[in-house]
Amino acid sequence: MTAAVYVWKFQHLPLESNGPLGQRIGGKESIFGVNDDCESPAYAVEQFQQKLGGNVDSISSVTASEEFIFVARESGFVHRYSLPNIIFEHKYGLDIQSVRKLVVNCNSTKLGTVDSNNILRIYNTFIKDHKATSKGWVSAAKNPCLFERKDVWDMKWDEQKPEMFVAMEKLRILLFQDCMEDPDDPILSNGYLMRCNNLEVTVAMVDEMTASKGAPKKNMVHRIESIALQSMRESILTSGFDQTLTTMKKSTDTRLWRLIAETALESLEFKVAQMAFAKLEDYRGISFIKQISSLGDKMRQRAEVSSFLERYSDTEALYQEMDRTDLAIQLYTNINYPFRVVQLAQKDPGNDKILQKAWHQIGLFYFERFDWTRAAKFFLQSRSMQEAAECLYRANDFKALEKLEKQLDNGSPMLSKLGKMFQSIGMHKKAILCLSRAGENKAALDACFALNEWNEALRLSKGKNSDEVECALAKKVNQSIESGQILQAVAIFRKAGKTAASTKLLSQIAQDIGHRRSSLVLSKKILILAALEAEQFSKNGFKIAIPKVKSRLSVDPMRRSFESFLSKSEGTGTFRMFDNVWNGAAAYHYYSLAHRQLYQGNFDAAMKTVIRCCEYEDILDKGKIYSMLVFVSYRNGWFGVCSRALVKLETIPNISREELNSLHDVSYAIFSRQVPVDPERLKDPYASCFEKGKSYDACTVSGRAIMGEYAFQCERCGYHMIISEKNDRQSCPLCYVKLK
C-alpha cells in the first residue's frame, strides 16, 4: 500500500556541472508521506522512513502543476502541497472514492477527476470564504462538483486556456470551451489523448503503433482542430482578410491571431501578417516579414515562408524548382538534419567541406545513441580521427584501430591516445609502436613496465636507460617474491629473457612442492618447464642472466630477494639443472611411477623403479627414497636390499634419536624372523645405482633397466622407452612431447 510521494526537481545544468554519472545532486530529490500531519512533511531521500502499522489510506492518483502537488487517496480525500518547498496547505473531502485519474488545469484553479466508474467530475481547488472542519479539511459540501459526465475514461486540460478541456467518451473526442457550456461536435477516434493546446487536440494512435513494425510514423499522430479554428479558416477563405480582421479586432485569442498570421504569410499578404504578429507581440515574426519583403522573387518568398512555418519538404521542393540546391543544403544545415544534407550534397560536385561536416554530424547522432560502429564509419568519412578512435575502441573493433594507426603520420597527437588504448587492452606491440611513433619514449617504457614486456623495454632503452629498466625489473620481481607470487616472478624473468633466473626459480618451486608432498606430478611438470628454460639458457651461451642494477640502493633489491629465496636450496642440487637439465623432471617422474606401481601391487617393478631414484639423492628427499625402498623390498621378499636400505637410512646425517630408535625397532621386527638375503643376486645396473648412485638407462614406462632390449629415445628429454612397453603411446611419458 503506497502512502508516500517521491519528488524530483528537474533542471537543465551545464555538462561540466553534472558530476559523475548516476550521482544524486543534493537538494533536488525529496520524499514525503501523506500520512504526516506536519506543515512541511518532506525529507531527503536518504532520511525518509516509512511508518508501518495502522490503517493505510493508499494513494490512488497524483498530479502536479508549477505551483502545487495534488494527491488523491482511496478514501476520496485530496491533499494539496505547495511547491517548491512541499508545504501542506489543504485537505479536500470529495464525494467520490477510488480516483483513477487526477488532472489539474494550467493555472491550478480546477481539478478534473475520473473515478473507477468512468465518471468525469470537475472541482474548484480554491473556495472563497470556506471554513475548515475541526479536523482541518474542507468537506464535500463546501467543495461541490462543478461538472459531471459519464462514460469518460480520459481527459486533458488545455495548456493555455484554464477553462478549456477535452474528454474521451468511449470512442468520441469532446472539446469543451467551458464546463458550463456544451461541447463542440464530437469527433470519432480510437486514439489516446496526448495534449490539448491552442484549440488543437493531439491524439496518438497507439493501436497502430503497437501493430506496426519499426519506428512509429508521423501519420500515427493526429491533430484535430476545434470548431473555432475551422470556422476561422472558412471565414478567411470566403470573406477575405479585411472582414476577418474587423471581426477579430476585440478578440484576444492568440491561436486565432496566429492562424491569421500564418494564412497571410502563405498568401504573401505581409501587411496583414505583420498586423497579426504585432497583436501577438511576436518580434521574430515581424523581423521575418521585414527580411522577406526585400526579396523581389515571389518563388523565393514562398520558400522562405514555408521554411518559417517549418514545412521543410515544401521548402526543398520550391528550392529545387528554382534550381537552388545550395539553399536546400543550407536549410537542412540550419535545422541540423545532416542526413538530407549528405543526399543533396552528393548530387553536386565541389561540396567536400559540406559533406565532411555533415558526416561528422551524423557520427555525433549515432554516438549519442551508443551505436559505436555506425558512428565510427561516419567519423572516418569526415576525417574526425579522434572521435573515430573512441568509437572503435568502445566497439572493441581493434583491427580497425590498427588500420587507423597506419593512416597517421609520425608525431601525430592521435598516436599517443591510440597507444594508451592499446595498452589498456594488453596489445603491447601496438601500444609501444604508437607511443614510439608519437615521440613519447618515456610513456612507451612505462607501458612495457605495466604490461611486463621487459624484453621490449630493454630494446627500447638501447643502453641509454638500461639502469632504469633493470631497476624497475628488480622492483617488480622483489614485490612478487615477497608477496609469495613466485610464478609471477618466473613469468617476469621469462619475458625479460632472464632464462637462468627463471630456471632456478622453477626448480626451487618444484622442490618445495615435492617436499610438502602436495603433488609429485605438479612438481614434475614445473621441472619440465624449468628444463625447457634451461635448454633455452644453454642455447644463449650459458651467460648468467641475473640482473645487476646500478641504482641508489646500497643492495640490489632483486638480487637480495632472489638470493635469499634460493639460499634454501644450497646443497640440494638446484643448480645441477645446468649439468643435466632433465634430471629434476626425471627424478620426480620415476618417483611418482614407483608410487603408482606400489598402489597397483606390483612390488617388484616398484622396487626397481625406486632403486633408479637413488641417483637423485640430491634432488629428492633421501629419507623418503630409502623408506619407500625398505617397504617395497620387504613386500617383494628382497630382504638383503631391505637390510641395506635400512643401513642407508641410519646413516643419514642429522637423523634424530627418536627416528633412529624407530629404525632399530623396524630392523629387529623384520630380521628377527627373516634372513637378510635376496632371492637372487641383484643385477649390475640396479646394484651400482643402489650402492654408488651410478646412473643407468631405465624405461620411462616401466622403470626397468634397459639391458639389450630395443629402446626408443625421446628427442626432447633424451630418456629411453623399451619398444615392447611403448604399446599405443603417442607421447613421451616423461616430457609429454609427441612421438614421431
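Keep in mind that this is a model prediction, so the values were computed, not measured. Residue indices begin at 1 and follow the sequence shown.
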Inset, instruction - Check the pair Glu163 / Lys110 against salt bridge (Lys or Arg N to Asp or Glu O under 4.0 Å), numbers first and verdict last. - result: CA-CA 8 Å; Glu163 302 297 330; Lys110 287 184 172 60; 3.4 Å; yes
At what distance, to the nearest 0.5 angstrom, does [atom1] of [X] lie from [atom2] of [Y]?
{"X": "Ser75", "Y": "Leu94", "atom1": "OG", "atom2": "CG", "value": "9.5 Å"}
{"X": "Leu171", "Y": "Trp153", "atom1": "CG", "atom2": "CH2", "value": "8.0 Å"}
{"X": "Leu392", "Y": "Asp397", "atom1": "CG", "atom2": "CG", "value": "5.5 Å"}
{"X": "Arg149", "Y": "Ile122", "atom1": "CZ", "atom2": "CD1", "value": "11.0 Å"}
{"X": "Tyr319", "Y": "Leu327", "atom1": "OH", "atom2": "CG", "value": "5.0 Å"}
{"X": "Leu102", "Y": "Met155", "atom1": "CG", "atom2": "CE", "value": "10.0 Å"}

Would you say [X]'s side chain and [Y]'s backbone share a donor-acceptor pair under 3.5 angstrom?
{"X": "Glu148", "Y": "Leu120", "value": "no"}
{"X": "Ser306", "Y": "Asp314", "value": "no"}
{"X": "Thr263", "Y": "Leu259", "value": "yes"}
{"X": "Ser384", "Y": "Glu387", "value": "no"}
{"X": "Asn351", "Y": "Leu355", "value": "no"}
{"X": "Ser267", "Y": "Ala264", "value": "no"}

Exercise answer: donor-acceptor pairs, residues 175-188 side-chain atoms, under 3.5 Å, sequence neighbours excluded:
unit_1	atom_1	unit_2	atom_2	d
Asp178	OD1	Met180	N	2.8

Please indicate whether [X] has more than 12 foreign heavy atoms, meaning atoms of other residues, nucleotides or ligands, lying under 6.0 Å from its [atom1].
{"X": "Gln356", "atom1": "CD", "value": "yes"}
{"X": "Arg383", "atom1": "CZ", "value": "no"}
{"X": "Asn219", "atom1": "CG", "value": "yes"}
{"X": "Tyr337", "atom1": "OH", "value": "no"}
{"X": "Asp242", "atom1": "CG", "value": "no"}

Inset, instruction - List the steps and the verdict of salt bridge (Lys or Arg N to Asp or Glu O under 4.0 Å) for Asp282 and Arg284. - result: CA-CA 5 Å; Asp282 189 343; Arg284 175 175 171 266; 5.5 Å; no
Distance-only donor-acceptor pairs under 3.5 Å for side chains of residues 362-378, two or more places apart:
unit_1	atom_1	unit_2	atom_2	d
Arg369	NH1	Phe365	O	2.9

Flag the pair [X] / [Y] as yes when at least one side-chain heavy-atom distance between them is below 4.5 Å, and no otherwise.
{"X": "Thr113", "Y": "Ile119", "value": "no"}
{"X": "Arg80", "Y": "Tyr92", "value": "yes"}
{"X": "Thr125", "Y": "Tyr123", "value": "no"}
{"X": "Val166", "Y": "Leu174", "value": "no"}
{"X": "Glu304", "Y": "Leu265", "value": "no"}
{"X": "Phe68", "Y": "Val104", "value": "no"}
{"X": "Val78", "Y": "Arg73", "value": "no"}
{"X": "Val201", "Y": "Lys156", "value": "no"}

Taking all atoms of both residues into account, what is the closest heavy-atom pair of [X] and [Y], and its distance?
{"X": "Trp157", "Y": "Val103", "answer": "NE1-O, 3.2 Å"}
{"X": "Thr315", "Y": "Ser307", "answer": "OG1-N, 3.0 Å"}
{"X": "Gly191", "Y": "Val203", "answer": "CA-CG1, 3.3 Å"}
{"X": "Ala228", "Y": "Leu256", "answer": "O-CD2, 3.9 Å"}
{"X": "Glu89", "Y": "Ser82", "answer": "OE2-CB, 3.3 Å"}
{"X": "Ser60", "Y": "Val99", "answer": "OG-O, 3.0 Å"}

Legend entry - Pair His79 + Phe88: ring centers closer than 6.0 Å: yes
Legend entry - Sub-6.0 Å ring centroid separation between Tyr81 and Phe70: no
Less than 4.0 angstrom from a charged side-chain N to a carboxylate O is my criterion; do [X] and [Y] meet it?
{"X": "Arg340", "Y": "Glu316", "answer": "yes"}
{"X": "Asp115", "Y": "Arg121", "answer": "yes"}
{"X": "Glu225", "Y": "Arg233", "answer": "yes"}
{"X": "Asp158", "Y": "Arg195", "answer": "no"}
{"X": "Arg255", "Y": "Glu200", "answer": "yes"}
{"X": "Arg258", "Y": "Glu262", "answer": "no"}

Inset, instruction - Take Gln160 and Asn198 through the side-chain contact (heavy atoms from CB on, under 4.5 Å) test and state the conclusion after the steps. - result: CA-CA 7 Å; Gln160 296 187 15; Asn198 279 336; 2.8 Å; yes
Legend entry - side-chain contact (heavy atoms from CB on, under 4.5 Å) evaluation trace for Asn105 with Phe165: CA-CA 8 Å; Asn105 65 350; Phe165 65 94; over 6 Å; no
Legend entry - Check: Ser116/Ser98 side-chain N/O donor and acceptor closer than 3.5 Å: no
Inset, instruction - Please determine, by modelled atom types, if Asn334 and Gln330 share a side-chain donor-acceptor pair under 3.5 angstrom. - result: yes
Legend entry - Worked check of side-chain contact (heavy atoms from CB on, under 4.5 Å) between Met322 and Asp297: CA-CA 10 Å; Met322 295 164 56; Asp297 188 356; 3.9 Å; yes
Inset, instruction - Run through Lys170, Arg100, Arg172, Lys101 and flag the one making a salt bridge (Lys or Arg N to Asp or Glu O under 4.0 Å) with Asp154. - result: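 Per the salt bridge (Lys or Arg N to Asp or Glu O under 4.0 Å) rule, the option paired with Asp154 is Lys101, out of Lys170, Arg100, Arg172, Lys101.
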Legend entry - Pair Asp253-Ser251, side chain to side chain donor-acceptor pair (under 3.5 Å): steps then yes or no: CA-CA 6 Å; Asp253 194 311; Ser251 175; 5.6 Å; no
Inset, instruction - In sequence, state the C-alpha distance, the side-chain angles, and the governing distance for Val152 and Met168, and then conclude on side-chain contact (heavy atoms from CB on, under 4.5 Å). - result: CA-CA 6 Å; Val152 175; Met168 286 294 298; 5.6 Å; no
Under 3.5 Å, which donor-acceptor pairs link side chains of residues 285-292 to any protein atom two or more places apart or in another chain?
unit_1	atom_1	unit_2	atom_2	d
Ser287	OG	Tyr283	O	3.0

